[in-house]
Amino acid sequence: MAEAAARRLKVGVLISGRGSNLKALLDACAAPGFPAEIVTVIANRPGAGGLEHARAAGVAAEVIDHKAFDGKPAFETAVTAALERAGVELLCLAGFMRVVSAAFVQHWHGRMINVHPSLLPLFPGLDTHERALAAGVKLHGCSVHFVTEEVDGGPIIGQAAVPVLPGDDPARLAARVLGVEHRLYPACLRLVAEGRVRLAGGKAEISGDFDGSGQLLNPAL
Ligand code: GAR
């Protein structure tokens with residue numbers, strides 16, 4: 001008799017646009033033994049490109065257009081209802097460009113994560129690549145964090161850094177950061193799905209052994 005498949009964490013993904021991070025998560029979940037599965041994808045914008053990635057992977061995808069609702073509470077109630085109908089246990093925001101309400105955060109407390117294109121707590125909010133270039137930082141990157149009421153302020157699960165190089169413009173820097181988002185987000189989802197991330201004292205603690213020998217110097221010395 002075939003061995004029973006290991007239980008996989010049921011994940012819902014919220015997107016607003018292109019969905020390249022969604023694609024990275026879908027690809028990770030398609031690998032044998034990955035401890036999570038995406039059960040539904042919701043876009044708040046009709047025509048969000050990422051919907052096609054979901055459909056191509058055979059994952060249910062729908063549009064819940066925030067503009068069709070009379071205010072944020074009604075929109076978020078519809079989103080939560082759809083996620084719960086699908087049995088979602090963990091919610092991943094992947095380029096979801098709506099600020100969620102305190103009520104929504106409380107409902108999904110400890111069960112909602114986001115990828116943000118900066119090394120938080122630097123550059124929360126929008127235009128992170130422009131602001132990194134304006135600040136003259138030499139390392140930039142991305143963070144995966146739990147979502148709390150403070151925008152981009154929740155406990156950090158993981159971060160990935162890239163160098164800022166001479167001649168960078170926001171688009172070139174964004175593309176370099178996006179490359180590491182696609183590696184970091186699935187890695188963090190795996191940690192959460194394996195039950196290795198614990199919230200304690202406002203921080204995300206990760207259990208297990210780590211290779212702490214990696215270094216990124218820019219300029220390399
Ligand atoms: C990504 O760079 C993500 O980090 C960012 O939007 C992009 C979405 O790309 N998210 C935010 O800025 C959230 N505040 P994608 O749709 O191709 O994944």
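Counting starts at 1 for both ligands and their atoms, following the listed order. Excluded from the calculations below are hydrogen atoms, water molecules and symmetry mates; all remaining heavy atoms, backbone and side chain alike, are included.
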inquiry  = So for atom CZ, which belongs to Arg183, do other residues, nucleotides or ligands contribute more than 12 heavy atoms lying within a distance under 6.0 Å?
reply    = no
Is it true that Asp127 and Arg131 make a salt bridge, defined as a side-chain N closer than 4.0 Å to a carboxylate O? no
List the atom pairs, with distances to 0.1 Å, where a side-chain N or O of residues 34-49 and a protein N or O form a donor-acceptor pair under 3.5 Å, not counting sequence neighbours.
unit_1: Glu37; atom_1: OE2; unit_2: Lys10; atom_2: NZ; d: 3.4
unit_1: Asn44; atom_1: OD1; unit_2: Ser16; atom_2: OG; d: 2.7
unit_1: Asn44; atom_1: ND2; unit_2: His66; atom_2: ND1; d: 3.0

Sole residue of Asp152, Ile113, Val115, Ile157 in side chain to side chain contact (heavy atoms under 4.5 Å, CB included) with His145
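The option that passes is Asp152.
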Are there any N/O pairs under 3.5 Å between ligand 1 and the protein, and if so, what are their distances?
unit_1: ligand 1; atom_1: 2 (O); unit_2: Glu181; atom_2: OE1; d: 3.2
unit_1: ligand 1; atom_1: 2 (O); unit_2: Glu181; atom_2: OE2; d: 2.9
unit_1: ligand 1; atom_1: 4 (O); unit_2: Glu181; atom_2: OE1; d: 2.7
unit_1: ligand 1; atom_1: 4 (O); unit_2: Glu181; atom_2: OE2; d: 3.4
unit_1: ligand 1; atom_1: 9 (O); unit_2: Arg18; atom_2: NH2; d: 3.0
unit_1: ligand 1; atom_1: 16 (O); unit_2: Gly19; atom_2: N; d: 2.8
unit_1: ligand 1; atom_1: 17 (O); unit_2: Arg18; atom_2: NE; d: 2.6
unit_1: ligand 1; atom_1: 17 (O); unit_2: Arg18; atom_2: NH2; d: 3.2
unit_1: ligand 1; atom_1: 17 (O); unit_2: Ser20; atom_2: N; d: 2.8
unit_1: ligand 1; atom_1: 17 (O); unit_2: Ser20; atom_2: OG; d: 2.5
unit_1: ligand 1; atom_1: 18 (O); unit_2: Ser20; atom_2: N; d: 3.4
unit_1: ligand 1; atom_1: 18 (O); unit_2: Asn21; atom_2: N; d: 2.9
unit_1: ligand 1; atom_1: 18 (O); unit_2: Asn21; atom_2: ND2; d: 3.0

**Item:** Donor + acceptor pair across side chains of Ser20, His182 (<3.5 Å)
**Value:** yes
Angle between ring planes, Phe96 versus Phe75, binned at 30° and 60°: parallel, tilted or perpendicular? parallel
